[in-house]
Peer 1: 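Sharing a structure, written as structure tokens. Questions coming.
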Amino acid sequence: MCETVNLRVEHLSTKASDNFLRDEEYEWKGPFYFIQGADPQFGLMKAWAIGDCGNGGDEWGEEIKLTEQAVQAVNKLTPKPKFFVLCGDLIHGMPGTQWRKDQEQDLKKVLQNTDQDIPLVFVSGNHDIGNTPTRETIDDYCKNWGDDYFSFWVGGVLFLVLNSQLYFDSSKCPDLRQAQDMWLNGQLAAAQERKCKHVIVFQHIPLFLRTPEEEDDYFNLEKSVRQEILVKFHKAGVKAVFSGHYHRNAGGSYRGLEMVVSSAIGCQLGEDEHGLRVVVVTAEKIVHRYYSLNELSSQGIDKDLVDMLAKKN
């Protein structure tokens, strides 16, 4: 589980692309940026509108249009982002529900239009593998979208993709939670040995929404689990964790680690607009900005971010 992903004609697989396996990706070459999106969640907008979120949603035309707009906006960006990551809840239909396969197929059709030079990275969400995942639901996700946890390097930066549902409720697959923990510990130890420029984590469920001490909620991880992960990440020098799930923008910090919660491409549950986050990585820091799809489509990236990319540091 060490490769990234690139969706093309067939389906996404973390074993299908070697975009980031070249030795030079271990070395810092200067600033770069990537695009983070979350929760296209085909089917939720109709389900939310009629108050029937448990039924999978039988229409997703709006989500198709929004995700098409997101892909078109990303394709137009200059210079090109290093990759485009979607932080979970790709579709709304839970495992075993009626419209799930159709939602998956329609999302793949949209994403196949992503510029072939922009790799796609997927993160599993609760709707992708279930609130209480099983080995079967995770296996199904992996067949469709790629590994549920893996790592990759870009320009001297280590990126870790985690299955946060295993931290939310692994009661039906405790061995898979243990396996991810062992793998993660090894990855963090290797990052310290290699002295990488930054370590950045992607997961669906935020560790916290505003503060590390906040109460347990559907939209964050339980306190004891959260604290254990935060301590581990801080010790290993993780700089930022990017997530979705909340369908609103939020975030906070813990001892120099930034928790970034991005709102959705799809259904909004707050006052934010459908959008994407632009993340610029420099030698010293990680700078990010949330853009509405309309802003990114019409204006592109702000000049100050473009200027940061031009600096040779």
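Nothing here was measured: the structure is a model prediction, and the numbers come from that model. In this chain, numbering begins with 1 at the start of the sequence shown.
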Peer 1: Are the side chains of Met308 and Tyr33 in touch, meaning some heavy atoms are under 4.5 Å apart?
Peer 2: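 Not touching, per the 4.5 Å side-chain cut-off.
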
Peer 1: Can you tell if the side chain of Ser124 reaches within under 4.5 Å of the side chain of His204, non-hydrogen atoms only?
Peer 2: no

Peer 1: Between Arg289 and Asp304, is there a salt bridge with N-O shorter than 4.0 Å?
Peer 2: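 Here Asp304 pairs with Arg289 in a salt bridge, since their nearest N and O are under 4.0 Å apart.
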
Peer 1: Can you find a pair of side-chain heavy atoms, one from Val85 and one from Phe159, that are under 4.5 Å apart?
Peer 2: no

Peer 1: To the nearest 0.5 Å, what is the distance between CG on Leu184 and CG on Asn163?
Peer 2: 12.0 Å

Peer 1: Distance to the ring centre below 6.0 angstrom and angle to the axis at most 45 degrees; does that hold for Arg277 and Phe242?
Peer 2: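 Judged by the rule, Arg277 and Phe242 form no cation-pi pair.
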
Peer 1: Can you say whether the rings of Phe152 and Phe202 are parallel (under 30°), tilted (30 to 60°) or perpendicular (over 60°)?
Peer 2: parallel

Peer 1: Can you find a side-chain donor-acceptor pair between Ser263 and Gln268 that sits under 3.5 Å?
Peer 2: yes

Peer 1: Identify the two heavy atoms, one from Leu293 and one from Leu66, that lie closest to each other, and give their separation to 0.1 Å.
Peer 2: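 Leu293 and Leu66 have their closest heavy atoms at CD1-O, 3.4 Å.
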
Peer 1: If you count heavy atoms of other groups shown closer than 6.0 angstrom to CD of Gln192, is the number above 12?
Peer 2: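 Count over threshold, so yes.
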
Peer 1: Answer with yes or no whether the hydrophobic clustering places Tyr246 together with Tyr290; edges join I, L, V, M, F, W, Y residues whose side-chain heavy atoms lie under 4.5 Å apart.
Peer 2: no

Peer 1: Just verifying a value: how many Å separate Asp58 CG and Gln103 CD, rounded to the nearest 0.5 Å?
Peer 2: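 The distance works out to 9.5 Å.
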
Peer 1: Kindly indicate whether the side chain of Tyr291, heavy atoms from C-beta on, has any atom under 4.5 Å from the side chain of Ile35.
Peer 2: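 No, their side chains stay 4.5 Å or more apart.
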
Peer 1: Side-chain contact test, heavy atoms from C-beta onward, threshold under 4.5 Å: evaluate it for His274 versus Lys65 and give yes or no.
Peer 2: no

Peer 1: Are side-chain N/O atoms of Asn294 and Ser292 paired as donor and acceptor at under 3.5 Å?
Peer 2: no

Peer 1: Do Cys173 and Leu166 have side chains that get closer than 4.5 Å, going by heavy atoms?
Peer 2: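 They are in side-chain contact.
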
Peer 1: Could you tell me if His92 and Glu63 have a donor-acceptor pair between their side chains, going purely by distance under 3.5 Å?
Peer 2: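 No donor-acceptor contact under 3.5 Å links the two side chains.
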
Peer 1: Out of curiosity, Asp128 CG to Gln41 CD, how far, rounded to the nearest 0.5 Å?
Peer 2: 8.0 Å

Peer 1: How about CD on Glu214, more than 12 heavy atoms from neighbouring residues, nucleotides or ligands closer than 6.0 Å, or not?
Peer 2: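 It does: Glu214 CD has more than 12 such atoms within range.
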
Peer 1: Could you check whether atom NZ of Lys101 has more than 12 heavy atoms from other residues, nucleotides or ligands sitting under 6.0 Å from it?
Peer 2: yes

Peer 1: Would you name the heavy atoms of Ile118 and Thr114 that are closest together and state the gap between them?
Peer 2: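 Scanning both residues, the minimum pair turns out to be O-CG2, 3.9 Å.
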
Peer 1: Assess whether atom NZ of Lys223 is packed by more than 12 heavy atoms of other residues, nucleotides or ligands within 6.0 Å.
Peer 2: yes

Peer 1: Under 4.5 Å between any side-chain heavy atoms of Thr282 and Val287, yes or no?
Peer 2: no

Peer 1: When rounded to the nearest 0.5 angstrom, what distance separates CE in Met94 from OG1 in Thr132?
Peer 2: 9.0 Å

Peer 1: Got a salt bridge between Asp139 and Arg135, using NZ or NE/NH1/NH2 to carboxylate O under 4.0 Å?
Peer 2: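 Answer for the salt bridge query: no.
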
Peer 1: Would a line drawn from the ring center of Tyr254 to the ring center of Phe208 be shorter than 6.0 Å?
Peer 2: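 Judged by ring-centre distance (under 6.0 Å), Tyr254 and Phe208 do not meet the cut-off.
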
Peer 1: Is Arg248 positioned over the aromatic face of Phe219, cation under 6.0 angstrom from the ring centre and no more than 45 degrees off axis?
Peer 2: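 Ring-cation test returns yes.
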
Peer 1: Work out which heavy atom in Pro79 is nearest to a heavy atom in Leu309; give both atom names and the distance.
Peer 2: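 Distance-wise, the nearest heavy atoms are CG-CD1, 4.2 Å.
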
Peer 1: Can you give me the closest heavy-atom contact between Gly156 and Cys196, atom names plus distance?
Peer 2: O-CB, 3.4 Å

Peer 1: Would you find more than 12 non-hydrogen atoms of other residues, nucleotides or ligands less than 6.0 Å from Lys232 atom NZ?
Peer 2: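 Yes - once you tally the heavy atoms of other residues, nucleotides and ligands closer than 6.0 Å, there are more than 12.
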
Peer 1: Looking at CD1 of Ile200 and OG of Ser151, how far apart are the two atoms once the value is rounded to the nearest 0.5 Å?
Peer 2: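 Reported to 0.5 Å precision, the distance equals 13.5 Å.
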
Peer 1: Rounded to the nearest 0.5 Å, what separates atom OG in Ser170 from atom CD in Gln180?
Peer 2: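 If I round to the nearest 0.5 Å, the distance is 9.5 Å.
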
Peer 1: Can you hop from Met182 to Tyr149 via hydrophobic side chains spaced under 4.5 Å?
Peer 2: no

Peer 1: Count I, L, V, M, F, W, Y as connected when their side-chain heavy atoms are under 4.5 Å apart, and connections chain through other members. Are Val231 and Ile205 then in the same cluster?
Peer 2: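 Shared cluster, yes.
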
Peer 1: So if I apply the side chain to side chain contact (heavy atoms under 4.5 Å, CB included) rule between Trp60 and each of Asp102, Ile91, Leu44, which one comes out positive?
Peer 2: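 So the option named by the test is Asp102.
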
Peer 1: Might you point out which heavy atoms bring Phe168 and Asn131 nearest each other, and give the distance in Å?
Peer 2: CD2-O, 4.0 Å

Peer 1: With the side chain counted from C-beta on, respond yes when Ile138 and Gln165 share a heavy-atom pair under 4.5 Å apart, and no when they do not.
Peer 2: no

Peer 1: Of all heavy-atom pairs between Val241 and Met259, which one has the smallest distance, and what is that distance?
Peer 2: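 For Val241 versus Met259, the nearest heavy atoms are O-CE, 3.4 Å.
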
Peer 1: Please lay out, stage by stage, how Glu104 and Arg100 fare under the test salt bridge (charged side-chain N to carboxylate O under 4.0 Å, His left out).
Peer 2: CA-CA 6 Å; Glu104 287 179 336; Arg100 178 178 174 88; 3.7 Å; yes

